[in-house]
Amino acid sequence: MSQRTLYDKVWDRHTVGTLSTGMDQLLIGLHLVHEVTSPQAFASLRERQQPVAFPDRTIATMDHIVPTDRISRPFSDPQAELMAATLEANTREFGIRLMDMASGKQGIVHMIGPELGLTQPGMTIACGDSHTSTHGAFGSLAFGIGTTDVRNVLETQTMALSRLKVRRIRIEGALQRGVYAKDVILRIIADLGVKGGLGYAYEYSGAVIEALSMEGRMTICNMSIEGGARIGYINPDDTTFAYIRGREYAPRDWDAALAYWKSIRSDEDAVYDDEWVIDGNTIEPMITWGINPGQSITISDSLPHVADAADPKSFQDAFDFMAFTEGQSPESLAIDVAFIGSCTNGRLSDLREAAAIFRGKRVHSRVKAVVVPGSQQVARQAEAEGLDRIFIEAGAEWRHAGCSMCLAMNTDRLEGRQLCASSSNRNFMGRQGSPTGRTLLMSPAMVATAAVYGHVYDVRKVLNDD
Amino acid sequence: MIDASIHRVTGTAVPIEGNDVDTDQIVPARFLKEITFDRMGSYLFYDARQGDSANHPLDNPRYAGASIMLVDHNFGCGSSREHAPQAIRRAGFKALIGASFAEIFLGNCRSLGIVTATADAAVLAQLADAIQQQPQTQWTIDVAAATVTVAGMAALPVRIKDAHQQAFLAGTWDELIVLKAQEAAIRERAKSLPYFSW
Ligand code: SF4
């Protein structure tokens, strides 16, 4: 059993009591709501005429279904329009703030929490979305939940949870040029496996993590769930505090906030259930070649052989679906689509890194490149810096904020067997909208590089040419 | 009050092979644009069941009427969306037995009253074999004893998470009432946290 970690401290401070099943009833400090996983929960409250217990601690936005090309209402897809209208009606009826398209604050739910200063250290956070783990970058315990739990949190501000074990993952050393937070988390998942995190919370630490910006830290915590860990977190430090300061919902009593935030950091002598160490200097640009985020290689490797796999069936299934050849060089993979965006890599620093590659170059004639800012705020900042011009001049599309082609619930999707270089987080079969469409996950800079060359290519070679 | 306790699950089983079966396979994202769960059952494993060459176990008459799924490792990985277990339940399934389950999926199953049990490789192999030999034979999962019995065979051990076992037996797998009973304690706890008043 872990002791004196941030996980233990925050958990204990939020425990209302232990239920007869042995699960703890945990108070949730911030509840984020979006259009896809909430309508059934609101309907349940309405049926039984129950109010939302803490409407002030609940914030809603719309992200999954919003189109990113034409955003005028009604949306062209009647189902999307109904989802948006339902969220608007529900938030109005139950007295919940909605960051809608007209607010200037709309965006992917995991982008706007941090941006608005809502996401803070020492909180428990819940949202009907598995990438809620993103918010752990601030030193919060952030849980992705199903709709029954969304209902429970709306109605009681609590949910029943079993305690997790804590694994500390230390990334020591420093990252090479051309290696990004995305590569770090893909490497962690490659090392520990997509189910390695079952039953664990991941605490990320070490020199590499400490040197990362909040945006990079969010990328890492975001994909904890892809490694099977329901939550991942990073101890808050001066980088965290500086990020929050001055944001709209930042605490007014700053000294009291700092005192609380520092008190919940893992102690020096904290006890962990497990530990894993990676030398950051050995991390290279990563790409996935298969149908789960653990099926990845470094750009210097070649694709694996089924016979060498620990789980040959899953490798065979992946090769069958992707139609790649064993031992093939990743640089021989020609792409059709390049997608930059999502709650993993749709932030300003991601767009800057991609723009640095696109600047003065052209998207390959065969490739359709789409850049989707994660939030309206990111879109405005990128436009203020002229990043949108760089994308457009390179021949990429510059869109409005949303989830877009990360899961293709809006009008953006792959067609047929298209192969997409994507900065998102899941390469599951059919994830990007076409049941037979194929996804390669990589960093935004690697996506931009692939977009320019028309095939997967080592971003370090491009950076070294400059 | 209705007794929601679940002591046993009986039914025939269907094998869903493969590790890391993700929530996008269970219900493709394009079917999530509905504001109720009513139709989810008809989307279960939708993409894998389309096309000329499709011969999904769910469409195999040998396994018709199954209400227990036999699965492999890390079943239900990916999204937290309840659409996946809702689809499973609405398609008539009451229990899943497998090597391991993704964390959020497991909790979602509990809150819908779907029994999930894990078992050792040897037990899973015996169960897989039993399906092949006699696909229409009834299985019984005994929640309190944590066993599965295939008619004509000795009971085999499975594992059900303690908290889930308790919740199924007590009928509190949907915890809303239990949580709500603590209203005063919830308000107290909220007051004790500095940030609730910032
Ligand atoms: S960007 Fe993708 S992973 Fe993130 S919340 Fe949207 S759909 Fe989910």
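Just so you know, these numbers use all the heavy atoms, side chains as well, and skip hydrogens, waters and symmetry mates. Letters A, B, ... are given to chains in the order of the sequence lines, protein chains preceding strands, and every chain is numbered from 1.
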*Asks:* Where on Leu27(A) is there a heavy atom nearer than 4.5 Å to chain B: the side chain, the backbone, both, or neither?
*Replies:*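 Just the side chain, heavy atoms under 4.5 Å.
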*Asks:* Excluding sequence neighbours, so at least two apart, what forms salt bridge (Lys or Arg N to Asp or Glu O under 4.0 Å) with Arg62(B)?
*Replies:*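 Residues passing salt bridge (Lys or Arg N to Asp or Glu O under 4.0 Å) with Arg62(B): none at all.
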*Asks:* Can a donor-acceptor pair be found, under 3.5 Å and without considering hydrogens, that links the side chain of Glu103(B) to the backbone of Ala229(A)?
*Replies:*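 Here the side-chain-to-backbone pair does not exist.
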*Asks:* Would you say that Lys180(B) contacts Gln50(A) through its side chain, given a criterion of any heavy-atom pair below 4.5 Å between the two side chains?
*Replies:*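 Yes; the side chains approach each other to less than 4.5 Å.
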*Asks:* Answer with side chain, backbone, both or neither: which region of Ala53(A) has an atom nearer than 4.5 Å to a non-hydrogen atom of chain B?
*Replies:*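 Contact with chain B involves both backbone and side-chain atoms of Ala53(A).
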*Asks:* At their closest point, which heavy atom of Arg189(B) faces which heavy atom of Arg13(A), and how far apart are they?
*Replies:*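 Heavy-atom minimum between the residues: NH1-O, 2.8 Å.
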*Asks:* So which of Glu226(A), Arg413(A), His14(A) has the biggest tally of heavy-atom pairs under 4.5 Å with chain B?
*Replies:*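 Most heavy-atom pairs within the cutoff with chain B belong to His14(A).
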*Asks:* Considering only heavy atoms, which portion of Ala84(B) lies under 4.5 Å from any heavy atom of chain A: side chain, backbone, both, or neither?
*Replies:*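 For Ala84(B), neither part sits under 4.5 Å from chain A.
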*Asks:* Report the option among Phe428(A), Phe54(A), Phe42(A), Tyr249(A) that has the most heavy-atom pairs separated by less than 4.5 Å from atoms of chain B.
*Replies:*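 The candidate making the most pairs under 4.5 Å is Phe428(A).
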*Asks:* At a heavy-atom separation under 4.5 Å, does Ala170(B) approach chain A through its side chain, its backbone, both, or neither?
*Replies:*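 The answer is neither part of Ala170(B).
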*Asks:* For Pro251(A) versus Trp198(B), what's the shortest heavy-atom pair and its separation?
*Replies:*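 For Pro251(A) versus Trp198(B), the nearest heavy atoms are CB-CE3, 3.6 Å.
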*Asks:* In terms of heavy-atom proximity below 4.5 Å to chain B, should Ile145(A) be classed as side chain, backbone, both, or neither?
*Replies:*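 Contact with chain B: backbone only.
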*Asks:* Taking all heavy atoms of Ala163(B) and all of Ser162(A), pick out the closest pair and write down the distance.
*Replies:*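 Residues Ala163(B) and Ser162(A), closest heavy atoms: CB-OG, 4.2 Å.
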*Asks:* Quick check: closest heavy atoms across Ala185(B) and Val16(A), and the distance to 0.1 Å?
*Replies:*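 For Ala185(B) versus Val16(A), the nearest heavy atoms are CB-CG1, 3.7 Å.
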*Asks:* Counting N and O atoms only, with roles assigned by atom type, does the side chain of Gln157(A) sit under 3.5 Å from a partner on the main chain of Ile186(B), one being a donor and the other an acceptor?
*Replies:*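 Such a contact is absent between Gln157(A) side chain and Ile186(B) backbone.
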*Asks:* Under a 4.5 Å heavy-atom cut-off, does chain B meet the side chain of Leu26(A), its backbone, both or neither?
*Replies:*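 When you check distances to chain B, no heavy atom of Leu26(A) falls under 4.5 Å.
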*Asks:* For the side chain of Gln79(A) and the backbone of Lys33(B), is there at least one donor-acceptor N/O pair under 3.5 Å apart?
*Replies:*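 Looks like yes, one N/O pair under 3.5 Å.
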